[in-house]
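This is a predicted model, so every value here is computed, not measured. A note on names: the letters A, B, ... follow the listed sequences, proteins ahead of strands, and every chain is numbered from 1.
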Protein chains: 2
Amino acid sequence: MSFEAMWTTLASVGRDGATGGYRRMAWTATDATLREWFVSEAASRGLETAVDRAGNQWAWWGDPDRARSAGRPGVVTGSHLDSVPDGGAFDGPLGVVSAFAAVDQLRAQGFVPSRPIGIVNFTEEEGARFGVACVGSRLITGALSPERALGLVDPDGVSLGEAMVRSGHSLNDVGRDDETVGRIGTFVELHIEQGRALADVDRPVAVGSSIWPHGRWRIELLGEANHAGTTRLVDRRDPMLDLAGVISAARREAQSRGCVATVGKVEVRPNGVNAIPSRVLAWLDARGPDEDEVRRLAAAVGTAGIAQEESFTPSTNFDSELVGRLAEVLDGAPILGTGAGHDAGILASAGTPAAMLFVRNPTGVSHSPAEWAETEDCMAGVAALTTILRDLAT
Amino acid sequence: MSFEAMWTTLASVGRDGATGGYRRMAWTATDATLREWFVSEAASRGLETAVDRAGNQWAWWGDPDRARSAGRPGVVTGSHLDSVPDGGAFDGPLGVVSAFAAVDQLRAQGFVPSRPIGIVNFTEEEGARFGVACVGSRLITGALSPERALGLVDPDGVSLGEAMVRSGHSLNDVGRDDETVGRIGTFVELHIEQGRALADVDRPVAVGSSIWPHGRWRIELLGEANHAGTTRLVDRRDPMLDLAGVISAARREAQSRGCVATVGKVEVRPNGVNAIPSRVLAWLDARGPDEDEVRRLAAAVGTAGIAQEESFTPSTNFDSELVGRLAEVLDGAPILGTGAGHDAGILASAGTPAAMLFVRNPTGVSHSPAEWAETEDCMAGVAALTTILRDLAT
């Protein structure tokens, strides 16, 4: 299938008719449809597919194990197919669809790779269902233990382990997967840009150089449940007031420290119109170029309650030699850092040479039904990826 | 059964083992158990039971229709058995259990009422399931139309009509019920106090004189969904910041206007840790002695978004002659106003002579698992109610 045909096929999967956004949560029926699509696209190109110890899907053009033994491990591209709740069409799928399209272009050019070329679909990249991002890449690199991963629970109380079993994935060997990671000589992930840097410089494609440090904290604000009509203001311990303080402090601290900070998730107990809450949970997401400033921001905001770090990923610099090579092959493409985490960052942290390509996003909007990239820019992305794969697999 | 035995029987119904709070939502399996309990207590005392056109339960000592025809309609007491989510044991049930216990005391005294005595269990008093308080009393007095009531939906999308049908209640004649209301010559509702006025004056029982005006507003705060890591602060339209403003303004306005105001319920969309929300809904509950001040408070807070009034109940003054008589019969019991709505207020607004008795609450905490009244004070409440029924039914 062509890029356009693949895009059209995916367009209806997991789409919410009311909002136009996507709900493609890992290990759901929607996810199963996406995984079947991946296998079918690989099969139609004669690519061998495999599923690793974390459930990530791989499609190979050439034998990755023979190449690995010969000291010339594969060139891998791809991304993920899951989405945030009410997410856009591009974040993730653009990288997977572009990978298949680039293989088609290489074949149309009569190219015969001297290193195998792999395409990957990483599972639970967004962390939208189980709360931890990049579960698939963290598991195979050993950055996340199988015990912790399988015990993660979704909002309905279903654990990742249960969800994987229900989807037909055995839990017997879930965990670090050196064999799979060893097959990756180089990883290049193509992704829609999630800011407006390319729109500002009027270029369709950039090379990613680094990922900002990124932390998530859960802040518990405790109060005393009471009647909304009969409790005097002076007698109240209302944690909703503390929530207001947390939201304001997050913005203020982010501004003064050159970071970004978001309170995007809140849970109120009991959440009744006429009840002063007994407890409010707020989640803080903070990122910035400087790790110390991100940590200071979180410390300042967290003093309002009981703060618990749920994850912290230090700054990730992609392989500088690879980044330079990609920018050169792409005739001096811009080089950008980003505030978003990606599987490419997890692989880079684990020692795999990795880098990214970003495709222009005219509005910068992402994680939203309004996320958008022009078809012309997507095609420029495929062309860039084709050029790079050709260069790296020669 | 004695007061203590009735209390023990109810203690386990709808109790959350983790929090110790009650979840007794109208027209659920838990509610059905409570309704069976009511019928069983009535039957064990030889009281006739009836269900009115709104599903409220009535138990009668004496024939209410013959008395009505004779121009001596009944003396009614009782309250409700439903709760807020994670509510306390006393709010509602204390009035129903005390009613049965008072009938037992009157009989033990050999009293023969010259007017029939009724006990009522009003449905959906809290509005915890369908969002509107005092549905049972509003329906029979005509303050709420059956069309609007039956179309109210719970958080799972189940309408009140569907819930009533599932519970075996026919919808054929739901609505205003003049026959039932005509049976009530006088209504006295006993209720746990929801403040600390009695604790401060060291008295076990007070007479209620009035209910403050009370409004509920839904405030919609719109933003633009976007990525929490890559969207610059200046490019954000984050409705969570508006929520912080709403929460702070509600408290500030309440303080300056002598009212109470609460933001107890919040819904965030999509509620993801790494997504700037597209929309936040906040509910404002505001009450105070002065209606104009309550309305000004809501107008000031609501400017942050799109505010919609969900309900507004003006000030309710209980029958002054009845209030005076009760205070006199109870040897000068204190007279209190309250910020909480009650079925007694709905009946009073509809022209039925009504009043209330409040039983001391040592901490003032209500709508919480920590809600409490001493057994000694509950017994004082039963004694006071017995005295009053004897006085009114002579």
Side-chain angles (χ1 to χ4, degrees), chain A residues 21 84-86 126-128 131 133 193-196 212 214 216 224-233 235 238 240-241 243-245 247-248 251 254-255 260 262-266 268-278 283 285 287 310 338-341 364-370, chain B residues 21 84-86 126-128 131 133 193-196 212 214 216 224-233 235 238 240-241 243-245 247-248 251 254-255 260 262-266 268-278 283 285 287 310 338-341 364-370:
Chain A
V84 294
D86 222 22
E126 298 289 2
E193 196 197 344
Q194 296 173 294
R196 298 193 308 194
W212 285 357
H214 172 207
R216 288 183 184 179
E224 187 175 80
N226 217 328
H227 193 289
T230 56
T231 314
R232 294 183 302 173
L233 297 178
D235 291 332
D238 184 347
M240 204 66 97
L241 295 174
L243 174 67
I247 295 167
S248 306
R251 171 58 64 98
Q255 268 167 340
V260 292
T262 309
V263 178
K265 182 177 175 180
V266 165
V268 180
R269 184 195 287 170
N271 212 28
V273 182
N274 60 351
I276 298 165
S278 58
W283 279 263
D285 180 300
R287 324 186 195 203
E310 292 202 329
T338 177
V365 170
S366 183
H367 282 195
S368 156
Chain B
V84 295
D86 222 23
E126 297 288 3
E193 195 199 346
Q194 297 174 291
R196 298 192 307 194
W212 286 358
H214 172 205
R216 289 183 183 178
E224 187 175 81
N226 217 327
H227 192 290
T230 57
T231 314
R232 294 182 303 172
L233 296 180
D235 292 333
D238 184 347
M240 204 66 98
L241 295 174
L243 174 67
I247 295 166
S248 307
R251 171 58 64 101
Q255 266 166 342
V260 293
T262 309
V263 178
K265 181 176 175 181
V266 165
V268 180
R269 183 194 289 171
N271 214 27
V273 182
N274 60 352
I276 298 165
S278 58
W283 278 263
D285 181 298
R287 323 187 195 203
E310 292 200 330
T338 176
V365 170
S366 184
H367 283 193
S368 155

| note | Pair count under 4.5 Å, heavy atoms only, with chain A: among B/Arg196, B/Glu126, B/Glu310, B/Arg269, highest is B/Arg196

| query | If every non-hydrogen atom of B/Val268 is compared with every non-hydrogen atom of A/Gly264, which pair is closest and at what distance? | reply | CG1-O, 3.6 Å

| field | Atom pair CD1/CG of B/Ile276 and A/Asp285 - distance to nearest 0.5 Å | value | 9.5 Å

| said: To check you understand the geometry: which heavy-atom pair defines the closest contact between A/Met240 and B/Val263, and what is its length? | reply: CE-O, 3.1 Å

| Highest number of heavy-atom pairs under 4.5 Å with chain A: which of B/Asn274, B/Thr338, B/Asp235? | B/Asn274

| When heavy-atom pairs shorter than 4.5 Å are enumerated against chain A, which of B/Asp86, B/Thr262, B/Asn226 gives the highest number? | B/Asn226

| query | Looking at B/Gly195, B/Pro85, B/Gly272, B/Pro277, which has the largest count of heavy-atom pairs under 4.5 Å with chain A? | reply | B/Gly272

| A/Val260 versus B/Thr231: any side-chain heavy-atom pair under 4.5 Å? | no

| Which portion of B/Ser366 sits near chain A, non-hydrogen atoms under 4.5 angstrom | both

| said: Going by side chain to side chain contact (heavy atoms under 4.5 Å, CB included), name the residues that satisfy it together with A/Ala275, two or more places apart in sequence or in a different chain. | reply: A/Pro270

| query | So which part of B/Val84 gets closer than 4.5 Å to some heavy atom of chain A, the side chain, the backbone, both or neither? | reply | side chain

| message | For a 4.5 angstrom cut-off between non-hydrogen side-chain atoms, does A/His367 reach B/Thr230? | response | no

| field | Which portion of A/Ala128 sits near chain B, non-hydrogen atoms under 4.5 angstrom | value | neither

| query | Tell me, side chain or backbone of B/Asp238 under 4.5 Å from chain A's heavy atoms, or both, or neither? | reply | side chain

| field | Considering all heavy atoms, the nearest A/Ala225-B/Val365 contact | value | O-CG1, 3.7 Å

| field | side-chain hydrogen bond (donor to acceptor under 3.5 Å, both in side chains) against A/Gln255, all qualifying residues, sequence neighbours excluded | value | none

| task | Name the region of B/Ala228, side chain, backbone, both or neither, that has any atom closer than 4.5 Å to a heavy atom of chain A. | result | both

